[in-house]
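Below is one structure, written out as structure tokens, with a few remarks after it.
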Amino acid sequence: MLRARAALLAQLRMFFAQRGVLEVETPCLSRAVTADPQLHNPVVQLDAPRAPRAADGQPLPLYLQTSPEAHMKRLLAAGSGPIYQIGRAFRDGEAGALHNPEFTMLEWYRPGWNHRALMDEVDALAQETLGLGPARRVDYGRAFADAVGLDPHVASTAALADAARTHGVDAVGLDAVDDDDPALRATWRQLLWADRVEPRLGRDADGAAQAWLVEGFPADEEALARLRDRGDGVRIASRFELYADGVELANGYDELIDADEQRRRFAADAARTGRPVDDALLAALDAGLPVCAGVALGVDRLLMVRHGATSIDAVLTFPIDRA
């Protein structure tokens, strides 16, 4: 597996070298947290020279990054052009068959592209690394409705909760229903997606592995993505995910470049969670982030699908319990 990982990393680097995309490195530690409220950064207290400090001189907490996104966007705003990175990412509270708190992420950005152009490149990468045919293109709302019987973009919290109970979804103690709480509505919908929809994705009619590109995610799962009208007045995110053999491999979107809109989203998240705002990213947006699309791909999961592994532990050199 060590040799298999090394071969995959070499193949990924060749893929981008042939396309003129520059490899970069950014910090694992930052004073900012992720923009996605569903993800949680591990916290590090670093008492060292040049470490950021509060006005009273005490060290400020630093956060291990869930993704290099914010730093890479700062490079894009500075004129880097197309860039990619293969590096370590961290997520607190995540462990299981597909999750390890520390993992390898591939992330890349294409200035001047939209998410559909990037989907074509993700498709090409999946074909090259997994040996699969062209990806099947699937609408999120249609996949959800086929499996659950509801339109996920307009269904109420109560309807989503009822559907979860009807389908026997394990809600891990969640029983609250409040249509005035968008985060709660999103939680019920995500539970249904993970339990009822995701296992069906990335397979052909005979159950063999097949790449699927799913697009048109709900607007309240936008994180740092642009929004658009799906054609009937309902707003959706210009976002896609890559699946193969029932495993989510990548998440990409048209990047939000509107500094005022990003500031509003950050403020809403800070009011709800108390988490600090990423002022450095906002400054980069103020300076001018180019129109671009970006995507993050889990290298360990890609290795899993490539070699038919059923657990991420099988492809990691040292899983968290042996780190």
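Hydrogens, waters and symmetry mates play no part in the numbers below; they use all other heavy atoms, side chains included.
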Donor on one side chain, acceptor on other, Q127 and D123, under 3.5 Å: yes
Side-chain (D151) to main-chain (G141) donor-acceptor, under 3.5 angstrom: no
Test item: E69 and E255 side chains (from C-beta on) under 4.5 Å apart, heavy atoms: yes
CD/Q45: more than 12 non-hydrogen atoms of other groups inside 6.0 Å: yes
Exercise: identify the closest heavy-atom pair between L76 and G81: CD2-O, 3.4 Å
Polar side-chain atom of R196 near backbone of V148 as donor-acceptor pair, under 3.5 Å: no
Pairwise side-chain contact, L213 with V122, heavy-atom cut-off 4.5 Å (strictly under): yes
Non-hydrogen atoms of L201 and W212 that approach each other most closely: CD2-CZ3, 3.4 Å
Pairs flagged by salt bridge (Lys or Arg N to Asp or Glu O under 4.0 Å) wherever residues 110-119 is involved - sequence neighbours left out: R110-E121, R116-E215
Exercise: identify the closest heavy-atom pair between A244 and L130: CB-CD1, 4.1 Å
Common cluster, Y253/L242, ILVMFWY with side-chain heavy-atom separation under 4.5 Å: no
Gap between atom CG of D92 and atom NE2 of H40 - 0.5 Å precision: 8.0 Å
Side chains of R189 and E221 in contact at under 4.5 Å (non-hydrogen atoms): yes
Residue pairs, two or more places apart or on separate chains, that pass side chain to side chain donor-acceptor pair (under 3.5 Å) and touch residues 302-316: Q11-R306
Donor-acceptor pair, side chain of R91 and main chain of T66, under 3.5 angstrom: yes
Taking every non-hydrogen atom, the tightest pair across I312 and G96: CG2-O, 3.7 Å
From CA spacing to verdict: salt bridge (charged side-chain N to carboxylate O under 4.0 Å, His left out), D229, R235: CA-CA 5 Å; D229 192 315; R235 301 287 280 168; 5.5 Å; no
More than 12 heavy atoms of other groups within 6.0 Å of R3 CZ: no
Cluster check I86, F103: I/L/V/M/F/W/Y, side chain < 4.5 angstrom: no
Residue pair S156, R185: steps toward the side-chain contact (heavy atoms from CB on, under 4.5 Å) verdict: CA-CA 7 Å; S156 67; R185 178 172 176 267; 5.8 Å; no
Enclosure of R88 CZ (heavy-atom neighbours >12, cutoff 6.0 Å): yes
Residues R228 and S238: side-chain donor-acceptor under 3.5 angstrom: yes
Note: R13-E23 ion pair, threshold 4.0 Å (strictly below): yes
Interatomic distance, L160 atom CG to L192 atom CG [nearest 0.5 angstrom]: 6.0 Å
Transitive ILVMFWY side-chain link W113 to L224, under 4.5 Å: no
Main-chain N/O of D260 paired to D258 side chain as donor or acceptor, under 3.5 Å: yes
Any donor-acceptor pair under 3.5 Å from R19 side chain to F15 backbone: yes
Heavy-atom closest pair, residues Q85 and V24: CG-O, 3.3 Å
Stepwise side-chain contact (heavy atoms from CB on, under 4.5 Å) test for F240 and R137: CA-CA 10 Å; F240 67 89; R137 308 293 172 104; over 6 Å; no
Distance-minimising heavy-atom pair for L46 and A51: O-CB, 3.7 Å
Test item: V214 and D139 side chains (from C-beta on) under 4.5 Å apart, heavy atoms: no
Residues R265 and D220 bridged, charged N to O under 4.0 Å: no
Ring geometry between H153 and Y140 (parallel below 30°, tilted from 30 to 60°, perpendicular above 60°): tilted
Partners passing side chain to side chain donor-acceptor pair (under 3.5 Å) against E241 (at least two apart in sequence or in another chain): R239, Y243
Minimum side-chain heavy-atom gap I83-M72 below 4.5 Å: yes
Joint hydrophobic cluster, L9 plus V21, side-chain heavy atoms closer than 4.5 Å: yes
I236 vs L227 side-chain heavy atoms within contact, under 4.5 Å: no
Distance-only donor-acceptor pairs under 3.5 Å for side chains of residues 278-304, two or more places apart:
| residue | atom | partner | partner atom | Å |
| --- | --- | --- | --- | --- |
| D278 | OD1 | A280 | N | 3.3 |
| D278 | OD1 | L281 | N | 3.1 |
| D286 | OD2 | R263 | NH2 | 2.8 |
| D300 | OD1 | R5 | NH1 | 3.0 |
| D300 | OD1 | R5 | NH2 | 2.7 |
| D300 | OD2 | T104 | N | 2.8 |
| R301 | NE | L98 | O | 3.1 |
| R301 | NH1 | E248 | O | 2.9 |
| R301 | NH2 | L98 | O | 3.1 |
| R301 | NH2 | H99 | NE2 | 3.1 |

Interatomic spacing from CD in E25 to NE2 in H71 - rounded to 0.5 Å: 13.0 Å
Under 3.5 Å donor-acceptor pairs involving side-chain atoms of residues 52-65, not counting sequence neighbours:
| residue | atom | partner | partner atom | Å |
| --- | --- | --- | --- | --- |
| R53 | NH1 | G57 | O | 3.0 |
| R53 | NH2 | D47 | OD1 | 2.9 |
| D56 | OD1 | Q58 | N | 3.0 |
| Q65 | NE2 | A32 | O | 3.1 |
| Q65 | NE2 | Y63 | O | 3.0 |

Validation row: D195, L191 side chains within 4.5 angstrom (heavy atoms): no
same_hphob_cluster(M14, L8) at 4.5 Å side-chain heavy-atom cutoff: no
Residue pairs, two or more places apart or on separate chains, that pass ring pair (Phe, Tyr, Trp, His ring centres under 6.0 Å) and touch residues 73-96: F16-Y84
Any S67 side-chain heavy atom under 4.5 Å of M105 side chain: yes
